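First the proteins, then the strands, lettered A, B, ... as listed; each starts at 1. Computed from a predicted structure; not experimentally measured.
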2 protein chains.
Amino acid sequence: MELRQNIKIAVDAIVFGYKENSLNVLLIKQKFGVLKDQWALVGGFVKDGETLSTAVNRELAEEAGIKVSYLEQLYTFGDDVNRDPRFQVISVAYFALVNSTKLVVKADTDAEDAQWFPMHNLPQLAFDHSVILEAAKQRLKNKLSYQPIGFDLLPKEFLFSELENLYCTILEKEIDRRNFRKKILSFGIVEETEKFGSKKNGRPAKLFKFNKLKYNKLTKEGFFFEIYFA
Amino acid sequence: MELRQNIKIAVDAIVFGYKENSLNVLLIKQKFGVLKDQWALVGGFVKDGETLSTAVNRELAEEAGIKVSYLEQLYTFGDDVNRDPRFQVISVAYFALVNSTKLVVKADTDAEDAQWFPMHNLPQLAFDHSVILEAAKQRLKNKLSYQPIGFDLLPKEFLFSELENLYCTILEKEIDRRNFRKKILSFGIVEETEKFGSKKNGRPAKLFKFNKLKYNKLTKEGFFFEIYFA
DNA sequence: CTTATAAGCGTATCTTTTACGCAAAGCTAA
DNA sequence: TTAGCTTTGCGTAAAAGATACGCTTATAAG
């Protein structure tokens with residue numbers, strides 16, 4: 001079969017990180033090529049014989065040297081034929097989260113500069129990357145309410161106030177501290193440890209951890225994680 | 001920039017229809033080519049300069065001659081390099097619904113045979129199409145509970161019992177008739193008409209219709225459609 | 001006129017959500 | 001040492017929503 005098709009396929013990753021009440025995205029600035037001196041999402045072309053997953057993971061490793069704690073396909077962007085000025089490129093975007101402890105990226109891996117930007121202070125982005133980023137932000141906001149992905153943004157052990165602030169920050173909403181705690185604890189998938197976290201003032205707080213195994217077990221039994229607040 | 005990439009990009013559409021307590025999928029059987037005599041999803045390769053949306057709509061028109069009432073991107077399948085035995089093909093799958101009145105497709109549009117199959121009696125499918133179909137079924141089940149897409153499967157005017165049976169059938173779950181009705185009506189997005197539907201026996205039932213405008217308006221104001229039942 | 005069948009309305013009970021009050025445990029500074 | 005500030009952690013009353021049904025109404029068939 002002969003098939004002349006000159007469409008190229010790329011993958012892009014939107015990597016979110018959370019630290020000190022701020023949601024951040026990982027962006028890279030290439031020193032050469034068309035993207036020279038422009039901030040862009042981590043990504044690149046898929047190689048022949050490579051799967052989509054392999055491609056994103058490779059780009060994440062090559063361009064940012066980062067290990068993500070959560071990764072899922074977001075959306076495939078191909079309704080703007082001129083999204084790349086060079087030629088027609090379809091981009092399969094992936095949504096990724098990293099543990100806040102890994103938020104300091106070793107920059108300049110190869111020929112790139114990787115840097116975290118707070119969501120409320122973004123630079124100009126290349127191509128249609130701001131559109132893709134907006135879609136990712138929406139996905140994050142939605143998923144936070146019906147899947148326990150917030151834990152992928154926090155360290156293994158965290159304070160309840162950190163979890164609560166994460167929800168408030170990302171959902172851009174006020175949540176009653178006491179009801180939030182009650183709801184989360186009622187699920188039985190977050191357990192308290194013996195350790196205490198350090199804070200400047202106030203009563204010392206216990207560290208908690210997410211029991212993923214228990215979550216998976218409960219999910220199989222029909223449990224449904226859900227956090228909605230007025 | 002030189003870029004040798006021999007990956008081809010295709011679109012596939014999973015078209016669902018509902019009629020007489022049965023969820024159906026539209027499949028086509030090509031009379032020529034590699035797919036000769038095999039049932040497959042509607043789909044084909046994207047043409048140069050064509051957007052993804054344009055491609056699906058074109059395939060839907062060409063291969064099935066059908067107008068869908070709902071269309072959204074489902075997922076991009078590209079993690080199995082050999083999903084197509086000829087060469088590496090990445091498929092962007094779309095999820096579509098059609099109004100039950102259009103469920104009789106004018107077959108043999110060109111060189112194909114389009115036919116509706118009930119979900120519980122499917123033929124062998126080409127490629128990885130059964131995997132794609134399974135993903136679509138899951139999407140349908142999920143979305144039904146938090147978006148009013150059920151109406152896209154029914155005629156403009158429908159009986160409450162039809163809507164209820166649609167939910168029971170697709171969710172494969174028993175739902176209390178009276179509570180279901182109460183819940184749906186409480187949203188204020190389904191209105192009763194003056195007309196009555198025809199049924200063999202029992203008390204005659206009013207026809208209802210979905211007020212999409214009102215739904216959109218309410219959604220902007222923060223309304224959230226949600227139907228979960230134990 | 002009786003029976004069968006599905007539509008349509010109402011209500012009591014149980015569960016969940018929401019809105020707060022308040023005590024406990026540490027830090028800081030007078 | 002103690003008063004004042006801050007954050008954690010627990011509890012509870014009231015409001016809202018979900019669930020489980022009972023019962024009437026309207027038609028067709030026999």
Residue whose closest nucleotide on DNA chain D lies nearer the 5' end, A/Phe160 versus A/Gly202: A/Gly202
Nearest-angstrom distance from the residue atom OH of A/Tyr228 to C1' of D/dA16: 18 Å
Length of the line joining A/Leu185:CG and C/dT16:P, which is rounded to integer Å: 16 Å
Distance-only polar pair, side chains of A/Ser53 and B/Asp79, donor-acceptor under 3.5 Å: yes
Pairwise 5' ranking along DNA chain C for B/Pro204 and A/Glu226, keeping only the more 5' one: B/Pro204
For atom CG of A/Asp176 and atom C1' of D/dT7, their distance in whole Å: 14 Å
Global bending angle along the helix from C/dC1-D/dG30 to C/dA30-D/dT1, which compares the axes of five pairs at either end, to 10 degrees: 0°
Donor-acceptor pair under 3.5 Å, A/Arg203 side chain vs D/dT8 base: yes
Side-chain N or O of B/Arg181 closer than 4.0 Å to phosphate OP1/OP2 of C/dA7: no
Rounded distance in Å - CZ (A/Arg178) to C1' (C/dA24): 15 Å
Residues B/Arg139 and B/Glu72 bridged, charged N to O under 4.0 Å: yes
Check: A/Glu226 main-chain N/O paired with A/Lys183 side-chain donor or acceptor under 3.5 Å: yes
Check: B/Phe16 ring centre within less than 6.0 Å of B/Tyr18 ring centre: no
Spacing of A/Arg177 atom CZ relative to D/dG11 atom P, expressed in whole Å: 14 Å
Sugar-phosphate only, base, or nothing, as touched by A/Asn201 at under 4.0 Å among non-hydrogen atoms: sugar-phosphate
B/Lys206 NZ to D/dT25 C1', straight-line distance once rounded to whole Å: 11 Å
Euclidean distance, atom CD of residue A/Glu192 to atom P of D/dG9 [Å, nearest integer]: 8 Å
Lys/Arg N to Asp/Glu carboxylate O, B/Lys209 vs B/Glu192, below 4.0 Å: no
Spacing of B/Phe196 atom CZ relative to D/dA28 atom P, expressed in whole Å: 12 Å
Touch class at under 4.0 angstrom, heavy-atom based, for B/Lys182 against every strand present: base
Validation row: B/Ile184, B/Phe160 side chains within 4.5 angstrom (heavy atoms): yes
side-chain N/O B/Lys183 vs D/dA18 OP1/OP2, d < 4.0 Å: yes
Neighbour count above 12 (heavy atom, 6.0 Å) for B/Glu221 CD: yes
